[in-house]
Amino acid sequence: MPDEIKKEERSLNFLEEIIEEDLKSGKYKSIVTRFPPEPNGYLHIGHASAICLNFGLTQKYPGYTNLRFDDTNPVTEETEYVDSIKEDVHWLGFEWKNEHFASDYFDQLYAFALMLIEKGLAYVDDSTAEEMASLKGSPTEPGKDSKYRTRSIEENRELFVRMKEGEFPDGSRILRAKIDMAHINMLMRDPILYRIKHAHHHRTGDKWCIYPMYDFAHGQSDSIEKVTHSICTLEFVPHRELYDWLIEHLEIFPSHQYEFARRNINYTVTSKRKLLQLVTEKHVTGWDDPRMPTISGLRRRGYTPDSIRDFCDRIGVAKRENLVDVGLLEFCLREHLNKIALRRMVVFDPVKVIITNYTGVGETLQSENNPEDENGGIRDLTFSKEIYIERNDFMEVAPKKYFRLAPGQMVRLKSAYIIKCDEVVKDAEGNITELHCSYIPESKSGADTSDIKVKGTLHWVNAADAIELEVREYDRLFKVEDPSDEDGDFKEYINPDSLKIVKGFAEPSLKAAILADRFQFIRKGYYCLDKDSTGDKLVFNRTVTLKDSWVKDQKK
RNA sequence: UGACCCAUGGUGUAAUGGUAACACUACUGAUUUUGGUUCAGUCAUUUAAGGUUCGAAUCCUUAUGGGUCAACCA
């Protein structure tokens, strides 16, 4: 009940306000949105925000969302990207109503171009790119008309058809709208509609040698699909005037464009160009490198779709520039993982503990899989005279509020017994090689009658059957909050320590791990199996550490 | 030296002319067989200056700051 009240009280973002107004006024009975990626790269966390926005709106209001690939530039687009994009949208948990490609509309778009020519609103220009640029003017100076601007409708039609027939080489001619070379908006100065590219298209093959520009494809595709709310990022604001102009003069369904500020996250980059560079120049192992902000990278790292959706929901949507703290993403991650991750014990930098008064051959103990989940069940743990604990869980000279193991100090071994450190054994160089401890037999977890209270609880593994793991510890990819905003090349700011490979010694149950599992290595962090694992070598990715207020205190 | 968009705590979003709210972060403290989790608490006169109004984060003006626009990219 309180949740419902909360939901209703939650205020609308500016797009929801527009939509509610449109629905209330009867302008639309239901809405149509679309997610329109260009298949020339992998989706990243910024796209996730756009996906959640577009799909979220049609989950909240009547209507549906299409997936449409904006594939109008054959030289950069590939089927590999189409496949990855579809996989990522699905993985995030969204289902599109229709799958479209702008290239499906090439015949229609061609007809639209002809229509504009017939209306005297488009012409073929033979100018070179340099000539066009020099006539374009600048934001403060008007442009000048091209000498081809006054061609007759017949001549324009004939030339455009011949462009399509492949009679002219790349770059020799373009089709442009006839609007106003002195327009205050540079995009309205006779924008290019079609260019010649004798290139193989990933879907239409060699059928076409002319391809529409973004401005002559996007809005028209929206209109063909009867998209009611075409949502894009702020840099397209100046395009809206052209978007509307084309729809008006083509006399087609009036889709409307609305713009929001793209979400930026600190300590990473989300420009496709830069991400591609990281991949091709091998600064990372691939698009799905767990350090990448790509959806596939986050997936491999161990992020859950739920946590990403929660994050997108929390950061909201607005029209101002922003740089969201990656800490919020990590918070959403931890919050979800805490609820679902299976607890396991893994020791990274082991030191042997010999329990001198333990006389048995060993025993089986039980531990809960997840204290946050009543139905999480329990698992068996083997315990014996020799175990490993974390080397940094012991200090010979302990500071005041040190709750871990120290000479004469007691700690609990998680799900096992309370032990006390009696003796420190060192080698010739003074390195600690063993800790001799005694245990309290009546302090067994779940059956503790010792009445001893200890402040610290340590994770441990049984020396006899611990299994070895490779663990990849990731840190932020960049050393600075906004690499794109720094002087020089963004790659100068790559964090050289973003990957550290360490060994871990784990309880045997981890042998059964599968890719989909999420684990919390107790007192360490959240981890998942990596696809690089083989039958005899287990590789784990550290998804994110646990919050650690002890380390924080130490630094002060 | 033009046009357009934007400006609320460290961060991200609310407040739709009427008590500046929520979340994250940070800091206190409590609980805890994970120094995790959980719980309680603390942290802002809304970029500036004028104006309208009984009343302004909100409306108006100017200034300042940030962003965008001159690819045959999207």
Side-chain angles (χ1 to χ4, degrees), chain A residues 6 9-13 17 36-38 40 70-73 75-77 125 127-129 132-134 136-141 143 170-176 183-187 189 192-197 210-211 213-215 217-218 232 234-241 259 261 263 266 272-273 314-332 334-335 338-339 343 345 367-368 371-372 401-404 411-416 418 443 445-446 448 453-459 520-525 545-554:
Chain A
K6 231 188 222 167
E9 277 178 356
R10 192 174 157 170
S11 55
L12 304 175
N13 65 46
E17 277 180 19
E38 183 189 12
N40 68 346
D70 246 343
D71 56 349
T72 57
N73 185 4
V75 302
T76 58
E77 295 153 4
D125 196 323
S127 306
T128 63
M132 292 233 341
S134 72
K136 184 119 193 190
S138 78
T140 53
E141 304 162 89
D170 288 5
S172 60
R173 286 180 166 81
I174 46 97
L175 181 75
R176 57 198 302 199
H183 201 108
I184 200 74
N185 182 348
M186 299 284 291
L187 280 156
R189 320 247 258 226
I192 297 174
L193 267 21
Y194 262 96
R195 76 286 215 193
I196 302 172
K197 269 182 198 281
I210 55 171
Y211 292 93
M213 295 287 288
Y214 166 85
D215 286 305
H218 199 103
C232 62
L234 243 32
E235 66 266 30
F236 290 96
V237 168
H239 292 252
R240 189 176 60 231
E241 196 170 11
E259 311 86 10
R263 323 310 318 214
N266 58 9
K272 279 196 202 170
R273 203 197 92 246
R314 282 171 190 264
I315 59 180
V317 55
K319 298 185 80 160
R320 61 175 141 157
E321 296 295 320
N322 59 78
L323 186 61
V324 183
D325 193 336
V326 68
L328 181 60
L329 214 208
E330 293 177 343
F331 166 81
C332 296
R334 289 191 183 103
E335 189 172 61
N338 179 47
K339 289 195 196 106
R343 311 295 136 119
M345 292 200 280
S367 189
E368 71 276 19
E372 306 294 318
K401 282 170 84 183
Y402 189 76
F403 304 150
R404 306 178 186 183
V411 295
R412 171 170 293 281
L413 295 173
K414 172 72 182 169
S415 297
I418 291 173
S443 68
S445 277
D448 188 348
K453 293 274 177 277
V454 293
K455 289 289 272 183
T457 299
L458 307 185
H459 62 283
Q520 183 197 103
F521 294 175
I522 290 178
R523 301 209 305 137
K524 285 293 175 182
T545 61
L546 246 32
K547 271 172 60 178
D548 192 340
S549 51
W550 171 245
V551 167
K552 226 169 6 190
D553 283 354
Q554 293 300 288

Exercise. Looking only at side-chain N and O atoms, does Lys455(A) come under 4.0 Å of OP1 or OP2 in rG35(B)?
Worked result: no

Problem set entry | Minimal non-hydrogen separation, Ser443(A) against Asp448(A), with atom names | CA-OD1, 3.4 Å

For this session: Please examine the side chains of Asn73(A) and Lys197(A), heavy atoms only from C-beta on, and report whether any two atoms are closer than 4.5 Å.
Result: yes

Problem set entry | Results of side chain to side chain contact (heavy atoms under 4.5 Å, CB included) for Lys414(A) - residues two or more places apart only | Met345(A), Ser367(A), Glu368(A), Thr457(A), Trp460(A), Ile522(A)

For this session: State the dot-bracket string of RNA chain B. Criteria: Watson-Crick or G-U wobble, both atom distances under 3.5 angstrom; notation: ( ) intrastrand, [ ] crossing earlier pairs, | interstrand, . unpaired.
Result: .((((((..((((....[..)))).(((((.......)))))....(((((..]....))))))))))).....

Problem set entry | Given rC72(B), rG35(B), rG36(B), the nucleotide with the shortest approach to the side chain of Lys547(A) | rG36(B)

For this session: Starting from P on rC6(B), measure out to CG on Asn322(A) and report it in whole angstrom.
Result: 14 Å

Exercise. Per the side chain to side chain contact (heavy atoms under 4.5 Å, CB included) rule, which among Arg523(A), Glu372(A), His459(A) passes with Arg343(A)?
Worked result: Glu372(A)

Exercise. Can a side chain N or O of Lys136(A) be found less than 4.0 Å away from OP1 or OP2 on rC69(B)?
Worked result: no

Exercise. Does the side chain of Thr140(A) get closer than 4.0 angstrom to OP1 or OP2 of rA3(B) through an N or O atom?
Worked result: no

Problem set entry | RNA chain B: 5'-proximal contact among Leu187(A) and Thr76(A) (nearest heavy atom) | Leu187(A)

Exercise. What distance, rounded to whole Å, do you find between the two C1' atoms, one in rA57(B) and one in rC6(B)?
Worked result: 15 Å

Problem set entry | Ser549(A): side chain to side chain contact (heavy atoms under 4.5 Å, CB included) partners, not counting sequence neighbours | none

Exercise. If we take the P atom in both rC59(B) and rC69(B), what is their distance in whole Å?
Worked result: 27 Å

Exercise. What is the distance, rounded to the nearest whole Å, between atom CD1 of Ile184(A) and atom C1' of rC5(B)?
Worked result: 15 Å

Exercise. Expressed as a whole number of Å, how far does the P atom of rG2(B) sit from that of rA56(B)?
Worked result: 34 Å

Problem set entry | Phosphate OP1/OP2 of rA74(B): any Thr72(A) side-chain N/O under 4.0 Å | yes

For this session: Determine the contact category for Ser134(A): base if any of its heavy atoms lies under 4.0 Å from a base atom, sugar-phosphate if only primed atoms, P, OP1 or OP2 are that close, otherwise nothing.
Result: nothing

Exercise. Considering heavy-atom distances to RNA chain B, does His218(A) or Leu323(A) have its closest nucleotide positioned more toward the 5' end?
Worked result: Leu323(A)

For this session: Go through the N and O atoms of the side chain of His239(A) and the base of rA74(B), and report whether any donor-acceptor pair is under 3.5 Å.
Result: yes

Exercise. Expressed in whole Å, how much space separates the C1' atoms belonging to rC27(B) and rU64(B)?
Worked result: 34 Å

Problem set entry | Out of rC72(B), rC5(B), rC24(B), whichever nucleotide has its closest atom nearest the side chain of Phe331(A) | rC24(B)

Exercise. Which whole number of Å gives the distance between the P atom of rC4(B) and that of rG10(B)?
Worked result: 32 Å

Seminar exercise, completed: Winner on side-chain proximity to Asp70(A), out of rC69(B), rU37(B), rA74(B), is rA74(B)

Exercise. Atom CD of Glu321(A) and atom P of rC69(B): how far apart are they, to the nearest Å?
Worked result: 11 Å

Exercise. In whole angstrom, what separates Leu234(A)'s CG from rC6(B)'s P?
Worked result: 8 Å

Exercise. Any side-chain N or O of Arg263(A) less than 4.0 Å from the OP1 or OP2 oxygen of rU13(B)?
Worked result: yes

Problem set entry | From rA14(B), rU68(B), rA74(B), nucleotide with atom closest to Asn13(A) side chain | rA14(B)

Exercise. Which pair of heavy atoms, one from Gln520(A) and one from Asn338(A), lies closest together, and at what distance?
Worked result: NE2-OD1, 4.4 Å

Exercise. Which nucleotide, rG35(B), rC72(B), rG36(B), lies nearest any side-chain atom of Met213(A)?
Worked result: rC72(B)

Exercise. Which atom pair, heavy atoms only, marks the closest approach of Pro139(A) to Met186(A)?
Worked result: N-SD, 3.7 Å

Exercise. Taking atom C1' of rC5(B) as reference, at what distance in whole Å does atom CG of Asn185(A) sit?
Worked result: 13 Å

Exercise. Expressed in angstrom and rounded to an integer, what is the separation of Ile315(A) atom CD1 from rU25(B) atom C1'?
Worked result: 16 Å

Exercise. For Arg195(A) and rC73(B), is the shortest distance between a side-chain N/O and OP1 or OP2 below 4.0 Å?
Worked result: yes

For this session: Identify whether any heavy atom of Phe236(A) sits under 4.0 Å from a base atom; if not, whether one sits that close to sugar-phosphate; answer base, sugar-phosphate or nothing.
Result: base

For this session: Kindly point out which of rG36(B), rU13(B), rG35(B) is positioned nearest to the side chain of Pro371(A)?
Result: rG36(B)

For this session: Give a yes/no on whether any side-chain N or O of Arg404(A) is located under 4.0 angstrom from OP1 or OP2 of rU34(B).
Result: no

Problem set entry | side chain to side chain contact (heavy atoms under 4.5 Å, CB included) against Ser127(A), all qualifying residues, sequence neighbours excluded | Asp125(A), Glu131(A), Met132(A), Ser146(A), Tyr148(A)

For this session: Measure from the side chain of Arg314(A), starting at C-beta and using heavy atoms only, and say which of rC24(B), rA74(B), rG35(B) lies closest.
Result: rC24(B)

For this session: State which residues pass side chain to side chain contact (heavy atoms under 4.5 Å, CB included) with Leu234(A); sequence neighbours excluded, sorted by chain then number.
Result: Val237(A), Glu259(A), Ala261(A), Lys319(A), Glu321(A)

For this session: Please tell me if the side chains of Leu175(A) and Leu193(A) come closer than 4.5 Å, counting only heavy atoms from C-beta onward.
Result: yes

Problem set entry | Any donor-acceptor N/O pair under 3.5 Å between rU34(B) base and Arg523(A) side chain | no

For this session: Would you indicate which nucleotide in rA15(B), rC69(B), rU34(B) comes nearest to any side-chain atom of Ser11(A)?
Result: rA15(B)

Exercise. For the base of rG36(B), is there a side-chain donor-acceptor partner from Glu372(A) under 3.5 Å away?
Worked result: yes

Please list each protein N or O that sits under 3.5 Å from an N or O in nucleotides 17-22 of chain B, with the distance.
none

For this session: Find out whether Asp215(A) and Leu187(A) are in side-chain contact, i.e. whether some heavy atom of one side chain is under 4.5 Å from a heavy atom of the other.
Result: yes

Problem set entry | Base of rA74(B) and ring of Tyr214(A) stacked, centres under 5.5 Å, planes under 30° | no

Exercise. Between Ser445(A) and Arg412(A), what is the shortest heavy-atom contact and its length?
Worked result: OG-NH1, 3.3 Å

Exercise. If we take the P atom in both rU47(B) and rG66(B), what is their distance in whole Å?
Worked result: 16 Å

Exercise. What integer distance in Å separates Met186(A):CE from rC72(B):C1'?
Worked result: 15 Å

For this session: Look at the aromatic rings of Phe236(A) and Tyr214(A) and report parallel, tilted or perpendicular, splitting at 30° and 60°.
Result: tilted

For this session: Using atom CD of Gln520(A) as one end and atom P of rU33(B) as the other, report the distance to the nearest whole Å.
Result: 16 Å

Exercise. If the C1' atom of rU34(B) is compared with that of rA74(B), how far apart are they to the nearest Å?
Worked result: 48 Å

Problem set entry | Separation of the P atoms in rC43(B) and rU32(B), to the nearest angstrom | 28 Å

For this session: Just compare rG35(B), rU11(B), rA74(B) and give me whichever is closest to any side-chain atom of Asp325(A).
Result: rU11(B)

